Amino acid sequence: MTPSRLVYTPRKAARTFQAFKDSNLSVRKFAQASGIPKSVLSRWNRDGIPEPRKPVNFTKFPAIEKETADWVLAQADDGELVHDCDLKEKALEFAAREKVELKASKGWISRMKKKEGISLRVVTHASQKTEFSEADLVSAID
């Protein structure tokens with residue numbers, strides 16, 4: 001299993017880099033002592049601490065996204081299955097009603113679902129034992 005990538009917040013990166021500068025150690029020795037990769041310290045030394053990325057929450061069609069999300073949730077409440085193609089069709093219908101040009105691409109659909117917290121999953125296997133015999137209970141205890 002490969003180790004997960006380390007992520008340094010700007011504040012943590014700035015504190016760590018300041019500690020490196022105050023230590024008067026070489027990049028290699030400080031990297032070994034702190035557990036930070038040498039390449040990261042070298043990059044911070046060469047380029048400075050990177051500015052944090054600002055999240056992009058911009059959307060051109062917030063009303064259509066909200067209306068589509070509400071429709072999906074209403075369908076789920078009624079027990080209806082909704083697929084991405086249904087979602088696209090409904091979004092295009094809402095866009096036409098608003099007289100807005102919308103492509104409703106796969107990327108738009110996935111970003112809209114992510115923003116609205118929608119996950120379209122189908123139950124593939126539902127089996128749960130509801131009645132237990134005495135042998136099941138005894139084996140569960142052991």
Side-chain angles (χ1 to χ4, degrees), residues 1-133 135-137 139-142:
M1 185 172 159
T2 59
S4 63
R5 184 176 177 187
L6 299 174
V7 178
Y8 300 97
T9 62
R11 176 180 280 165
K12 183 178 180 181
R15 280 196 319 250
T16 305
F17 188 65
Q18 188 60 46
F20 162 67
K21 287 165 86 177
D22 294 342
S23 71
N24 294 325
L25 293 174
S26 68
V27 172
R28 183 178 61 81
K29 288 183 179 178
F30 188 83
Q32 286 176 341
S34 64
I36 295 174
K38 188 177 103 176
S39 61
V40 172
L41 283 172
S42 297
R43 186 177 57 241
W44 289 347
N45 200 20
R46 182 185 65 235
D47 303 334
I49 306 294
E51 291 293 319
R53 292 183 185 175
K54 296 190 176 165
V56 179
N57 293 329
F58 175 74
T59 179
K60 286 184 178 181
F61 312 108
I64 294 171
E65 285 184 8
K66 183 68 177 147
E67 195 170 4
T68 305
D70 291 343
W71 175 81
V72 169
L73 296 174
Q75 294 300 309
D77 288 344
D78 294 341
E80 297 291 326
L81 293 179
V82 178
H83 298 280
D84 282 356
C85 58
D86 302 326
L87 203 149
K88 179 178 183 171
E89 183 181 315
K90 208 61 173 173
L92 290 173
E93 181 182 311
F94 294 144
R97 190 178 67 218
E98 298 285 330
K99 296 181 180 151
V100 174
E101 187 175 328
L102 173 70
K103 291 182 183 177
S105 64
K106 288 182 180 181
W108 182 86
I109 290 171
S110 68
R111 285 188 301 274
M112 190 273 301
K113 289 191 307 187
K114 187 175 182 179
K115 278 186 232 172
E116 298 292 335
I118 296 171
S119 176
L120 302 178
R121 296 185 181 173
V122 177
V123 176
T124 56
H125 188 263
S127 67
Q128 184 177 5
K129 204 169 193 179
T130 55
E131 294 181 21
F132 297 99
S133 67
D136 292 334
L137 295 174
S139 66
I141 294 172
D142 293 333

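None of the values given here were measured: they were computed from a predicted structure. Side chains included, hydrogens not; waters and symmetry mates left out as well; all remaining heavy atoms used.
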Distance (rounded to the nearest 0.5 Å) between [X] [atom1] and [Y] [atom2]:
X	Y	atom1	atom2	value
R43	I49	CZ	CD1	9.5 Å
M112	D84	CE	CG	8.5 Å
L41	R28	CG	CZ	13.0 Å
D78	L73	CG	CG	11.0 Å

- Query: Got a sec, which residues hit ring pair (Phe, Tyr, Trp, His ring centres under 6.0 Å) with W71, two or more places apart in sequence or on another chain?
  - Reply: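 Testing W71 for ring pair (Phe, Tyr, Trp, His ring centres under 6.0 Å), a comparison that skips the adjacent residues, returns none.
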- Task: Would you please name every residue forming a ring pair (Phe, Tyr, Trp, His ring centres under 6.0 Å) with F17, sequence neighbours left out?
- Result: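 Checked F17 against ring pair (Phe, Tyr, Trp, His ring centres under 6.0 Å); matches are F20.
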- Residue list, salt bridge (charged side-chain N to carboxylate O under 4.0 Å, His left out) with K66, at least two apart or on another chain: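 With sequence neighbours excluded, K66 shows a salt bridge (charged side-chain N to carboxylate O under 4.0 Å, His left out) to D70, given in chain and number order.
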- Can you name the residues that form a salt bridge (charged side-chain N to carboxylate O under 4.0 Å, His left out) with E116, not counting sequence neighbours?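 Applying salt bridge (charged side-chain N to carboxylate O under 4.0 Å, His left out) to E116 gives none.
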What pairs with [X] under side chain to side chain donor-acceptor pair (under 3.5 Å), at least two apart in sequence or on another chain?
X	result
Q32	none
D22	Q18
D86	none
K88	none

- Start with the C-alpha distance between V72 and K90, add both sets of side-chain angles, then the distance that settles side-chain contact (heavy atoms from CB on, under 4.5 Å), and finish with yes or no. CA-CA 9 Å; V72 169; K90 208 61 173 173; over 6 Å; no
- Query: Closest heavy-atom contact between I64 and A91?
  - Reply: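 Heavy atoms of I64 and A91 come nearest at CG2-O, 3.9 Å.
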Please output the side-chain donor-acceptor pairs of residues 95-106 that fall under 3.5 Å, not counting sequence neighbours, one pair per line with the distance.
residue: R97; atom: NH2; partner: E67; partner atom: OE1; Å: 2.9
residue: R97; atom: NH2; partner: E67; partner atom: OE2; Å: 2.2
residue: S105; atom: OG; partner: W108; partner atom: N; Å: 3.2

- Item | Contacts of type side-chain contact (heavy atoms from CB on, under 4.5 Å), residue S42, not counting sequence neighbours |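 side-chain contact (heavy atoms from CB on, under 4.5 Å) list for S42, sorted by chain: V27, K38.
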- Task: Find out whether T59 and R111 are in side-chain contact, i.e. whether some heavy atom of one side chain is under 4.5 Å from a heavy atom of the other.
- Result: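 Counting from C-beta outward, T59 and R111 never come under 4.5 Å.
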